[in-house]
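Heads up, the thing below is written out as structure tokens.
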Amino acid sequence: MKISSNFDSGNINILDASSPGNIRLSINKDNNSDFYQWFHFRLTGAKGQLCALNIEGADGAAYPGGWENYQVVASYDHETWFRVSTVYKNSTLTIQHVPETDSVYYAYFAPYSYDRHQELVSTAAMHERVKLDVIGESCDGRDLDLLTIGEEREGKKKIWIIARQHPGESMAEWMVEGILNRLLDDDDALSRELLNNCVFYIMPNVNPDGSIRGHLRCNAKGQNLNRDWDDPDPEISPEIFHLRNKMDEKGLDFSLDCHGDEALPYNFIACFEGVPDLNQYNLDTAYMFGRELERANPDFQNGKGYSKSAPGTGNLGMSTNQIAHRFNAVSMTLEMPFKDTVDSPNPETGWSPERSIKLGYSTLDALSAILERL
Ligand code: ZN
């Protein structure tokens, strides 16, 4: 029996793996940071044995509330993921599972691999309406890929969609895959019409280093990128430095920043109530987008979410606030659950890549419905 995590987005620390009935593990912190919660590892040689995998110190994770009513995901082929029995008790997260084969992967959520990211971007770039730009390099020297979809022309609305500032929130890139697939489907009349009126700037993975390193929230240098939008330092947050510069260059009318929330079992949006000189019309448009998304897809709802910032107290280091303020634009953070949706549950999968992809499709319905207000 062996446990390993030395692969793309792997993260686990082995304390004791001598007995399948009491495997002791812990999660490594993001480099140069105290955040931890993302895990992804492989168990081999335990076919047919009842395994108890105990992740110790779970109470010290970034969001311990994330473990309540949470079930770990597992996969034999690294492609199809299912939920396994999980108990959180006395600061330990315990997975109880009898693997059906000699190789099984466990993770916090279905990973979105760097290979799949490269395929997504390269395949999109084959489409005649798509332009691919590498807008800079990450700390570890990886390409920061930006896709431009649709002809850039005066008078078109500029729509920005970004994902994975927080690398452990892999559902965000699954969602972007859905958005891209629908936008590039020539048989989809809504997409064709959107592309007549808009140009899309899409960055499927803002933080490739954190993704590959198996981080929850930070880049390679330990920066929480979604706190660095006010004054991004090219040395330690090159990802945001380059992205914000590109937004300044191109302009922006609407922005969707895709995330996952560890604790809340809902899909919801967070807006920019706390920014200085709040533009109420833009805020109303964002709320309207939320209502249209709920209409288009019952997995989404508007009743539950974060509490709204008081006027003037918004953190301009966060993308949604900085963008709303900087561009006088409609800007929002879309959060998906790690667990499942309370109102529309699917216990076998919980929240999943497939549901994230479909929610991505639906965002285009909602965008279309509010377009004339941009
Ligand atoms: Zn996030």
Side-chain angles (χ1 to χ4, degrees), residues 33-35 37 61-66 68 159-166 168-169 171-172 206-207 216-218 223-233 237 240-241 243-244 247-248 252-295 300-339 341-343 363 366-367 369-370 373-374:
S33 146
D34 282 329
F35 290 121
Q37 192 136 4
Y63 301 95
E68 308 285 349
I159 312 296
W160 283 79
I161 297 169
I162 65 171
R164 297 194 84 181
Q165 290 198 75
H166 295 146
E169 296 159 14
M171 59 286 279
V206 175
N207 190 348
L216 177 73
R217 278 175 88 69
C218 297
Q223 290 298 115
N224 179 352
L225 296 179
N226 200 26
R227 298 296 181 273
D228 283 353
W229 281 74
D230 204 9
D231 186 20
D233 181 335
S237 298
I240 303 308
F241 177 80
L243 174 54
R244 206 188 72 169
M247 287 176 169
D248 285 347
L252 184 155
D253 297 298
F254 175 97
S255 161
L256 187 68
D257 181 12
C258 307
H259 286 253
D261 186 273
E262 290 78 358
L264 294 176
Y266 303 99
N267 287 294
F268 58 97
I269 54 171
C271 300
F272 49 92
E273 291 83 359
V275 301
D277 307 317
L278 175 69
N279 181 323
Q280 189 63 44
Y281 182 85
N282 285 346
L283 185 60
D284 289 342
T285 304
Y287 292 159
M288 207 173 285
F289 176 90
R291 290 196 295 275
E292 292 293 340
L293 187 52
E294 183 170 345
R295 212 192 315 274
F300 185 86
Q301 56 82 57
N302 290 288
K304 300 277 179 21
Y306 299 143
S307 55
K308 297 174 170 55
S309 298
T313 66
N315 179 352
L316 293 177
M318 296 173 74
S319 68
T320 289
N321 289 333
Q322 177 64 222
I323 288 168
H325 180 61
R326 191 179 190 86
F327 299 100
N328 190 24
V330 177
S331 169
M332 63 194 83
T333 308
L334 194 152
E335 298 280 354
M336 288 168 274
F338 278 83
K339 299 171 180 176
T341 51
V342 164
D343 305 320
T363 60
L367 176 63
I370 57 118
R373 287 176 61 93
L374 296 181

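Reckoned from all heavy atoms, side chains included, excluding hydrogens, waters and symmetry mates.
- Distance CG/Leu256 to CG/Leu334: 5.5 Å, rounded to 0.5 Å.
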### Query
Run the side-chain contact (heavy atoms from CB on, under 4.5 Å) check on Phe272 and Asn282 step by step: do they pass?
CA-CA 10 Å; Phe272 49 92; Asn282 285 346; 3.9 Å; yes
### Task
Take Glu335 and Tyr306 through the test side-chain contact (heavy atoms from CB on, under 4.5 Å) and record every step on the way to the result.
CA-CA 10 Å; Glu335 298 280 354; Tyr306 299 143; 3.2 Å; yes
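- Side chains of Phe35 and His166 form no contact here, defined as non-hydrogen atoms less than 4.5 Å apart.
- Lys339 and Gly65 get closest at one heavy-atom pair: NZ-O, 3.1 Å.
- With respect to the salt-bridge test (charged N to carboxylate O, under 4.0 angstrom), the residues Arg291 and Glu294 do not qualify.
- Just one of Asp257, Asn207, Asp228 meets the side chain to side chain donor-acceptor pair (under 3.5 Å) condition when paired with Gln165; it is Asp257.
- Here the straight-line distance linking atom CD1 of Ile323 with atom CG of Leu316 works out to 11.5 Å at 0.5 Å rounding.
- Summarising the geometry of Met171 relative to Met336, their closest heavy-atom pair is O-CE, 3.6 Å, with the distance given to 0.1 Å.
- With rounding to the nearest 0.5 angstrom, the OG1 atom of Thr363 is 13.0 Å from the CD atom of Glu292.
- The shortest side-chain heavy-atom distance between Arg373 and Asp284 falls under the 4.5 Å cut-off.
- Lys308 places no side-chain N or O within donor-acceptor distance of the main-chain N or O of Cys271, the cut-off being under 3.5 Å.
- Within the 4.5 Å cutoff, the side chain of Ser255 has no heavy atoms near those of the Ile162 side chain.
- The distance from atom CZ of Arg227 to atom CE of Met318, rounded to the nearest 0.5 Å, is 4.0 Å.
- Proximity of a side-chain donor or acceptor of Asn302 to a complementary backbone N or O of Gly290 within less than 3.5 Å is detected.
- To the nearest 0.5 Å, atoms CZ (Phe300) and CZ (Phe268) are separated by 9.0 Å.
- Scanning all heavy atoms of the two residues, the minimum distance from Ile269 to Ala286 falls at CD1-O, 3.6 Å.
- In this structure, Val275 and Thr320 have side chains that are not in contact, with every pair of non-hydrogen atoms separated by 4.5 Å or more.
- Counting heavy atoms from C-beta outward, Gln322 and Arg244 have side chains that approach closer than 4.5 Å.
- Counting all heavy atoms, side chain and backbone alike, Ser33 lies closest to Cys218 at OG-SG, 3.7 Å.
- With hydrogens and angles ignored, the 3.5 Å screen pairs a side-chain donor or acceptor of Asn226 with a backbone N or O of Ser319.
- Annotation: side chain of Trp229 is in contact with side chain of Leu243 (closest heavy-atom distance under 4.5 Å).
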### Task
Verify side-chain contact (heavy atoms from CB on, under 4.5 Å) between Leu374 and Ile159, making sure each step is shown before the conclusion.
CA-CA 10 Å; Leu374 296 181; Ile159 312 296; 3.9 Å; yes
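- Residues Ser309 and Thr313 approach most closely at CB-OG1, 3.6 Å, considering heavy atoms.
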### Query
Yes or no on side chain to side chain donor-acceptor pair (under 3.5 Å) for Gln301 and Asp343, after CA distance, side-chain angles and deciding distance?
CA-CA 9 Å; Gln301 56 82 57; Asp343 305 320; 6.0 Å; no
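- Side-chain N or O atoms of Asn321 include one that pairs as donor or acceptor with a backbone N or O of Asn315 at under 3.5 Å.
- Considering CG of Leu367 and CD1 of Ile161, their distance stands at 7.0 Å, rounded to 0.5 Å.
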### Query
Do Lys304 and Leu264 pass the side-chain contact (heavy atoms from CB on, under 4.5 Å) test, and can you show the C-alpha distance, the side-chain angles, and the key distance before you say yes or no?
CA-CA 8 Å; Lys304 300 277 179 21; Leu264 294 176; over 6 Å; no
